[in-house]
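Here's the structure, in structure tokens; my notes come after.
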Amino acid sequence: MTEAVHEPCKEAAGEPCKTVDAAIARVFVLLGKRWTGLIVAVLMERPVYFADLRRAIPGISERMLSDRLAELGAAGLVLREVDEGPPLRVSYRLTEAGAALEPALRELRAWAEQHLPEAGYGKGECGR
């Protein structure tokens with residue numbers, strides 16, 4: 001496979017570099033935060049209780065998980081559902097908008113398998 005060759009921006013020559021697209025900037029503001037993509041990936045399979053979600057993502061604190069779930073909820077990607085119990089349990093699931101990320105996550109997984117070496121990633125460390 002040949003690598004694409006790109007010429008550097010020629011701002012000095014009067015050709016300004018293209019400004020980053022606003023839509024892609026919004027995506028990375030939300031999904032570019034540590035843990036967020038992993039949470040979405042776990043929820044892609046099915047609704048998950050909070051404690052199970054925390055166990056599925058080694059290294060994430062309860063506080064961080066709670067914060068990221070709140071952000072995803074505010075963005076309309078995750079729904080929080082309370083099971084009255086007893087015991088009282090809270091589960092999370094993706095909305096239709098959240099589930100629509102599946103093709104993008106599949107593409108990112110395929111890209112990572114081809115272009116990112118495993119050393120330093122995964123193995124229960126979640127990028128630490």
Side-chain angles (χ1 to χ4, degrees):
M1 180 185 337
T2 57
E3 288 196 30
V5 177
H6 297 282
E7 293 292 320
C9 288
K10 298 176 179 145
E11 194 160 314
E15 291 182 36
C17 294
K18 180 182 173 194
T19 304
V20 70
D21 179 82
I24 201 75
R26 288 192 311 273
V27 167
F28 281 102
V29 163
L30 179 64
L31 298 180
K33 291 182 179 178
R34 186 172 185 193
W35 308 112
T36 304
L38 299 175
I39 293 167
V40 171
V42 171
L43 292 175
M44 200 59 69
E45 299 296 317
R46 59 182 170 81
V48 180
Y49 289 113
F50 184 89
D52 296 331
L53 188 53
R54 183 162 182 247
R55 280 191 290 273
I57 305 171
I60 193 169
S61 69
E62 284 187 23
R63 171 73 188 251
M64 183 59 67
L65 178 56
S66 181
D67 289 350
R68 292 294 185 258
L69 286 166
E71 290 172 359
L72 288 165
L77 301 180
V78 170
L79 283 178
R80 179 181 188 267
E81 298 174 328
V82 178
D83 299 338
E84 294 301 329
L88 181 82
R89 296 181 80 184
V90 178
S91 66
Y92 295 86
R93 68 176 176 84
L94 293 176
T95 63
E96 188 175 321
L101 286 166
E102 185 175 11
L105 288 179
R106 267 188 280 133
E107 288 295 321
L108 286 170
R109 180 183 293 116
W111 177 86
E113 288 171 355
Q114 184 173 2
H115 298 287
L116 286 179
E118 284 190 41
Y121 295 96
K123 309 284 193 239
E125 296 181 17
C126 297
R128 282 192 295 161

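What you find for Ala99 and Leu94 is that their closest heavy atoms are N-CB, 3.8 Å. Closest approach of Ser91 to Asp83, counting heavy atoms only: OG-OD2, 4.3 Å. Scanning all heavy atoms of the two residues, the minimum distance from Gly76 to Ala97 falls at O-CB, 3.9 Å. When every heavy atom of Tyr49 is checked against every heavy atom of Arg89, the shortest pair comes out as CD1-NH2, 3.1 Å. Ala100 and Pro103 get closest at one heavy-atom pair: O-CD, 3.3 Å.
A distance of 9.0 Å separates CD1 in Ile60 from CZ in Arg34, rounded to the nearest 0.5 Å. The CZ atom of Arg54 lies 12.5 Å from the CG atom of Leu69; values are rounded to the nearest 0.5 Å. Residue Arg68 holds its CZ atom at 11.0 Å from CG of Leu31, rounded to the nearest 0.5 Å. The CG atom of Leu101 sits 6.0 Å away from the CG atom of Leu77 when rounded to the nearest 0.5 Å. Here CG of Leu30 is found 5.5 Å from CG of Leu72. Values are rounded to the nearest 0.5 Å. Annotation: the span from Ile57 atom CD1 to Met64 atom CE amounts to 11.5 Å, rounded to 0.5 Å.
A donor-acceptor contact shorter than 3.5 Å is absent between the side chain of Arg93 and the backbone of Leu43.
Transitive grouping of hydrophobic side chains (ILVMFWY, heavy atoms separated by less than 4.5 Å) brings Val90 and Trp35 into a common cluster. In the hydrophobic clustering of this structure, Val20 does not group with Val29; members are Ile, Leu, Val, Met, Phe, Trp, Tyr whose side-chain heavy atoms approach within less than 4.5 Å, directly or through other members. A continuous path of ILVMFWY side-chain contacts below 4.5 Å connects Leu105 to Tyr92, so both sit in one hydrophobic cluster. Cluster membership for Leu38 and Val48, using ILVMFWY side-chain heavy atoms within less than 4.5 angstrom, is shared.
By the 4.5 Å heavy-atom criterion applied to side chains, Asp52 and Arg55 are counted as neighbours. Using a 4.5 Å heavy-atom threshold, the side chains of Phe50 and Glu62 count as touching.
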